[in-house]
Structures are given as C-alpha cells and as structure tokens.
Amino acid sequence: MRTQVAIIGAGPAGLLLGQLLSTAGIDNVIVEQRSGDYVLGRIRAGVLEPITVSLLEACNAAGRLHRDGLPHDGFELCAGDQRHRIDLQALTGRHVTVYGQTEVTRDLMQARAAAGRPSIYEAEEVTVLDFESGSRPRVQYRKDGTLHEIECDFIAGCDGYHGVCRASIPAERLQTFERMYPFGWLGVLADVPPVAHELIYARHPRGFALCSQRSTTRSRYYVQVPSSDRAEQWSDEAFWAELKRRLPADTAAQLVTGPSIEKSIAPLRSFVAEPMRCGRLFLAGDAAHIVPPTGAKGLNLAASDVGYLWQALCDFYKGDGAGVEAYSARCLQRVWKAERFSWWMTGLLHQFPDHSPFEVRMQDAELDYLLHSDAGRRVIAENYVGLPA
Ligand code: RFL
Ligand code: PHB
C-alpha cells in the first residue's frame, strides 16, 4: 500500500490529524494496535480549550460537540471551606468546553468512516522504518497473521506515551526530561448529576480532589492517592467518603453518590522528548510529552501539535518545506508552557509526602495570594483556557 502520511495510533491525536489531512485532500492511513471499542472504552480527558474546538470545527467534526458540549465560563478553586471562582470569561474573554475525550474520539471515528478513509485496527508488531533524512519511510505491521507494508512520504507518531515511534528514534537523537510525582489520581465515573455547575479543584490536608463532569447527568470525580494504591482496593463507598472529606462541608452535603461505572488510577508524570521530529517521522501528543492532568492540558496539547503538523504538511505539499523544518520548535514553545502550568498547578494543589511544615505554609500563602489578586487569577485563567497558538 502507498499513502502520503502514515499515522500510527488512533487516539485523539491520530484521528484528528487524519481528519484534517483528509479535509485538505492529503491521503493518509491510520494504523492502531487496539480495537476501535478498546480505544473508545478509555475514559480520560474532559476539558477542551478553544483551540481544540476550532480544530474539530476545521475538519467538520464539531456538530455533536456544539450540541452536547457544555460551555464553562469559569471553574472553582477550594482551599479549606472556601470556594473561589476563576471567571475565565471575565478574565480572558474565552471559555472552555466540557466534552469527554471518548466523545471526541467517537465523533472523529464516525467522520473518518463517513469519508471512507482507511483505518487498520488491531495491527500487531507495528514497525516504523527508513524515516531518517533522505530515505523513503515505511510502516510494517502484521494483521491476521500476514505481514503488510505501507510506503509513505511521512510518518506521524501519534501512538501515545508507550508507543513504538518515539522508541524507534535513535537514543542519541533525542533528549528527554521527566518528573514522576509520588501520587496518582483515583478517578470514578458515575451516572449522577454533578455536585456543582462548574468544575471544583480542591486543595485539602488529606489530598487533592477534583469534581468534574461529562454531562448534566454524568459526573467524573478524582481524589489524590499514594502511587502504591490499586483501584481494586477502593470500594465505591470508600471513594465517596474520601471525596466528601476533601470538599467544603456544604458542597459535600450536596454530593449525589451512586455506583461507579468506571474506576481507575492514573499516575502523574511530566515528560518531554526533544526534538519532536526525526527526519520524516513526527511525534505528536502523548508520544512526545505527558503532563499531570491538573491543568487539563494533555488532550489540548495533542490537538495543538496536530494543528501545527497539519499546517506544515499542507505547506509541504504546496511546495513549501519551512513548516516541516519548524514543526518541533513551534510545538515545543507551547508544550513547555503547558508543562510549566501543569507542574505548577500540581505543586500548588497536592499534598507532597516529603513536604516540611514550612513548604505546606508556602503552598497556603501562594494559593491565598493568587486567589485574592486580580493578577494571580488572570495568570491561572489565561493558562487554563490555553495560551495563544
Ligand atoms: P493516546 O490517547 O494515548 O492515543 C495513542 C494511541 O496509539 C495507540 N498505540 C499504537 N498504535 C499502533 N502501534 C503501536 N505500537 C501503538 N502503541 C500505542 C494506542 O492504542 C492509542 O489508541 O494519545 P494521544 O492521541 O496523543 O492523546 C493524548 C490524550 O489521550 C491525553 O493527553 C489526555 O487524555 C490527557 N488527559 C487530559 N487532557 C486534557 O486535555 N484535559 C483533561 O481534562 C485531561 N484529563 C487526561 C485526563 C489523562 C488521564 N489519564 C488517564 C492519563 C485525565 C486522566 C485521568
Ligand atoms: C476530567 O473531567 O476528566 C478532567 C477535568 C479536568 C482536569 C482533569 C480531568 O484537570
């Protein structure tokens, strides 16, 4: 098989890139190691920046998002029993949209199927070859026991943190930066109405908690847990009791609980690989960088990488290769700022086991300062809605 762009991974980055390229008339094939149902079963992000929404609009995949997505003009930060609102609309003139990553993925899959573009699911032993400068890249995979090969102009590595693309770049051509946090987020999805109209990020001596949502009838809640915890250790009752302890008393009293429909623990990590291109292989999304979820940036960064890659490839096929050359540097400028915000929000709102009482007081003072300063609230708001592209 021959195509212009072979995309590895059918997560949001790969599917969005495929749809944008198809809209521009650039031929592409997606190769994914899992089944479509498996990809749709992963419960992850929920908050979309305006940039992400505009890219979904650009490839005609935003119809359901505009109907069912919830525009949020603000969110709340809690410290002890105090709830403080960050008014995104007033501070930045923009808002975020609450719409699950699962739904984004579903919409993009449907748009791709409607356009009749090829996706190969359940591809085994995916290998990327000959992508270093000057050569003709190839992708090999095994499907139903047979070895297949795709010849292409470019490979887009949209295969997430554990994917094959970054791992195939010679170690001496990459520099990586990493920080692990000594805790994770235990997340529960439940068909209960959200406790508040907007998201609540809560700092508490027992640990961080987040009240999020997917719709007016489906809630997503998280509590900080030690890295050593396993989701199976946590009964629904234990989860709801812990969440309530970390919320202001009046908020906890309003919380509607119910059986969990998903429960999992996500580790928290900051990670960046530089550069995000090796010859004719590009990295985009979680394949190149990971942020802790506190700033709601992972999916949005994946989308903004893809936006740059789409522009670079459109220019390339019109005879201008400058965007391809600039791709990594353009992405990394935005990536590092989102890394900084996510790391900083994580540091501000979580309990760190090695913190001394002095460091805890510093956190108290920083949060109190930010929440009572116009400048401080603006810093949070403009990062949360997303820095300019
Ligand atoms: P994905 O979604 O991991 O997709 C990669 C795809 O590649 C496939 N793959 C392979 N395919 C072929 N061959 C191989 N060798 C392959 N290896 C892997 C995988 O099966 C998969 O289908 O990466 P992508 O597309 O870059 O998207 C990134 C986002 O998924 C991620 O950044 C966000 O979910 C992060 N995130 C959040 N981001 C936000 O913007 N806002 C949020 O509110 C938010 N909340 C979250 C989050 C992530 C979380 N977890 C579980 C890590 C909340 C949580 C709890
Ligand atoms: C979510 O709804 O899953 C979510 C929302 C905001 C975050 C992280 C996760 O910062």
Side-chain angles (χ1 to χ4, degrees), residues 6-18 30-36 38-49 51-52 70 72 75 96-102 104-105 108-109 119-128 139-142 155-168 184-189 194 198-201 208 210-215 218-222 262-269 271 283-306 338 341-342 345-346 349 384 386:
I7 300 171
I8 314 301
L15 287 165
L16 178 62
L17 179 64
I30 296 183
V31 181
E32 162 65 51
Q33 68 176 4
R34 304 285 191 171
S35 69
Y38 182 94
V39 172
L40 280 176
R42 287 193 291 236
I43 309 295
R44 287 184 171 176
V47 176
L48 307 185
E49 292 177 9
I51 288 191
T52 306
L70 305 171
H72 277 209
F75 69 91
V96 293
T97 304
V98 170
Y99 190 66
Q101 177 168 331
T102 315
V104 172
T105 308
L108 287 166
M109 273 182 173
S119 307
I120 295 132
Y121 283 94
E122 299 181 272
E124 293 164 14
E125 301 169 33
V126 177
T127 318
V128 292
V139 175
Q140 288 182 345
Y141 62 93
R142 195 173 291 282
I155 300 172
C158 301
D159 51 349
Y161 180 70
H162 299 287
V164 68
C165 291
R166 192 184 69 252
S168 303
W185 281 16
L186 169 65
V188 157
L189 189 69
E198 296 180 335
L199 271 61
I200 302 176
Y201 292 76
F208 170 77
L210 170 59
C211 306
S212 183
Q213 52 191 266
R214 290 292 177 272
S215 69
R218 181 168 282 191
S219 300
R220 179 71 165 159
Y221 293 109
Y222 297 96
E262 197 264 356
K263 194 191 286 155
S264 55
I265 294 183
L268 265 65
R269 167 188 280 130
F271 173 85
L283 301 178
D286 280 16
H289 40 71
I290 296 288
V291 285
T294 326
K297 289 281 160 259
L299 170 60
N300 294 301
L301 270 187
S304 65
D305 290 351
V306 161
F341 177 65
S342 305
M345 284 280 278
T346 303
L349 297 176
Y384 194 82

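Just follow the structure's listing: the first ligand is 1, and inside any ligand the first atom is 1.
- Nearest protein heavy-atom neighbour of atom 3 (O) of ligand 2: Y222 OH, 2.6 Å.
- Under 4.0 Å from ligand 1, the heavy atoms of K297 that appear belong solely to its backbone.
- Short contacts between ligand 1 and G163, defined as distances under 4.0 Å to a heavy atom of the residue, involve ligand atoms 17 (N).
- Atom 12 (C) of ligand 1 has as its closest protein heavy atom Q33 N, 3.3 Å.
- Contacts of Y222 with ligand 1, taken as heavy-atom pairs under 4.0 Å, involve the side chain alone.
- Residue-level proximity to ligand 1 for L301 is absent, since no heavy atom of it falls below 4.0 angstrom.
- With a 4.0 Å heavy-atom cut-off, ligand 1 is reached by the backbone of D159 and by its side chain too.
- Contacts of A296 with ligand 2, taken as heavy-atom pairs under 4.0 Å, involve both backbone and side chain.
- Under a 4.0 Å heavy-atom criterion, A123 is not in contact with ligand 1.
- Heavy-atom distances between L210 and ligand 2 reach below 4.0 Å in at least one pair.
- Protein heavy atom in closest approach to atom 50 (N) of ligand 1: A266 CB, 3.9 Å.
- Under 4.0 angstrom from ligand 2, the non-hydrogen atoms of R214 all belong to its side chain.
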Report task. Report the C-alpha distance between Q213 and H72 in whole Å, list the side-chain angles of each, state the deciding distance to 0.1 Å, and finish with yes or no for side-chain contact (heavy atoms from CB on, under 4.5 Å). Result -> CA-CA 11 Å; Q213 52 191 266; H72 277 209; 3.5 Å; yes
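- Note: F208 and Y201 have tilted aromatic rings, judged against thresholds of 30 and 60 degrees for the angle between ring planes.
- Residue V164 approaches ligand 1 through these ligand atoms, each under 4.0 Å from one of its heavy atoms: 15 (N).
- Proximity of Y99 to ligand 2, defined as any heavy-atom pair under 4.0 Å, is not found for any part of the residue.
- Closest to atom 6 (C) of ligand 2, if we only count protein heavy atoms, is Y201 OH, 3.3 Å.
- Minimum heavy-atom separation, M109 to L15: CG-CD1, 4.0 Å.
- Annotation for R220 and S264: closest pair NH2-OG, 4.2 Å, computed over non-hydrogen atoms.
- Atoms of ligand 1 found under 4.0 Å from any heavy atom of A296 (numbered from 1 in listed order, with element): 39 (C), 40 (O), 41 (N), 42 (C), 43 (O).
- Remark: ligand 2 atoms within the under-4.0 Å shell around heavy atoms of R44 are 3 (O).
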Report task. Carefully, step by step, assess L199 and V98 under the rule side-chain contact (heavy atoms from CB on, under 4.5 Å). Result -> CA-CA 9 Å; L199 271 61; V98 170; 4.0 Å; yes
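- Which of V39, L17, V126 comes nearest to atom 13 (N) of ligand 1 through a heavy atom is settled by distance: it is V126.
- Residues M345 and K297 are not in side-chain contact: their nearest non-hydrogen atoms beyond the backbone lie 4.5 Å or more apart.
- By the 4.0 Å heavy-atom criterion, G187 is excluded from the residues contacting ligand 1.
- Of the candidates S212, P292, G187, C211, the one placing a heavy atom closest to atom 2 (O) of ligand 2 is S212.
- Residues D286 and R44 come closest through the heavy atom pair OD2-NH1, 4.5 Å.
- Protein heavy atom in closest approach to atom 34 (O) of ligand 1: Q101 OE1, 2.6 Å.
- Of the protein's heavy atoms, R44 NH1, 3.1 Å lies nearest to atom 3 (O) of ligand 1.
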Report task. Determine, stepwise, if the pair Y161 / R166 fulfils side-chain contact (heavy atoms from CB on, under 4.5 Å). Result -> CA-CA 8 Å; Y161 180 70; R166 192 184 69 252; 3.9 Å; yes
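- Atom 43 (O) of ligand 1 has G46 N, 3.2 Å as its closest protein atom, hydrogens excluded (heavy atom only).
- Under the 30°/60° scheme for interplanar angles, the aromatic rings of Y222 and W185 are found to be tilted.
- Near N300, meaning under 4.0 Å from any of its heavy atoms, are these atoms of ligand 1: 40 (O).
- For ligand 1, the polar-atom distance check finds an N/O of E32 within less than 3.5 Å of one of the ligand's N/O atoms.
- With a 4.0 Å heavy-atom cut-off, ligand 2 is reached by the backbone of T294 but not by any atom from C-beta on.
- Residue nearest to atom 25 (O) of ligand 1, selected from A13, G285, G160: A13 (by heavy-atom distance).
- Taking a cut-off of under 4.0 Å to the non-hydrogen atoms of L199, the atoms of ligand 2 that pass are 5 (C), 6 (C).
- Residue contacts with ligand 1 do not include E49, since none of its heavy atoms lies under 4.0 Å from the ligand.
- Annotation: side chain of Q101 is in contact with side chain of P12 (closest heavy-atom distance under 4.5 Å).
- For the pair D159 (side chain) and C165 (backbone), a donor-acceptor distance under 3.5 Å is present.
- Taking every heavy atom of both residues into account, A13 and A284 meet most closely at CB-O, 4.4 Å.
- At the shortest separation from atom 32 (O) of ligand 1 among protein heavy atoms lies D286 OD1, 2.7 Å.
- In this structure, OG1 on T52 lies 8.5 Å from CG on L301, to the nearest 0.5 angstrom.
- In the candidate list G11, G298, G100, A10, G11 is nearest to atom 4 (O) of ligand 1, counting heavy atoms.
- For ligand 1, the atoms closer than 4.0 angstrom to any heavy atom of V47 are 41 (N), 43 (O).
- Taking a cut-off of under 4.0 Å to the non-hydrogen atoms of W185, the atoms of ligand 2 that pass are 8 (C).
- Across T105 and A10, no two heavy atoms sit closer than the pair CG2-O, 4.4 Å.
- Applying the 4.0 Å criterion to heavy atoms of V47 picks out, from ligand 2, the atoms 5 (C), 6 (C).
- When each atom of ligand 1 is checked for a heavy atom of R34 under 4.0 Å away, the hits are 20 (O).
- Only the backbone of C158 comes within contact range of ligand 1, with a heavy atom under 4.0 Å; no side-chain atom does.
- Within ligand 1, the atoms closer than 4.0 Å to a non-hydrogen atom of R42 are 19 (C), 20 (O), 21 (C), 22 (O), numbered from 1 in the order shown.
- Formation of a donor-acceptor pair under 3.5 Å by the N300 side chain with backbone atoms of V47 is found in this model.
- Atoms of ligand 1 lying under 4.0 Å from at least one heavy atom of I8, given by number and element, are 12 (C), 13 (N).
- Taking each heavy atom of C158 and I7 in turn, the nearest pair found is SG-CG2, 4.1 Å.
- By the 4.0 Å heavy-atom criterion, Q101 is excluded from the residues contacting ligand 2.
- Closest to atom 39 (C) of ligand 1 among all protein heavy atoms lies L299 N, 3.1 Å.
- Residue, atom and distance of the protein heavy atom nearest to atom 45 (N) of ligand 1 are A45 CA, 3.3 Å.
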Query raised in the report: Taking it one step at a time, do R214 and T102 satisfy side-chain contact (heavy atoms from CB on, under 4.5 Å)?
Result: CA-CA 10 Å; R214 290 292 177 272; T102 315; 5.8 Å; no
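- In this structure, the protein non-hydrogen atom closest to atom 8 (C) of ligand 2 is P293 O, 3.4 Å.
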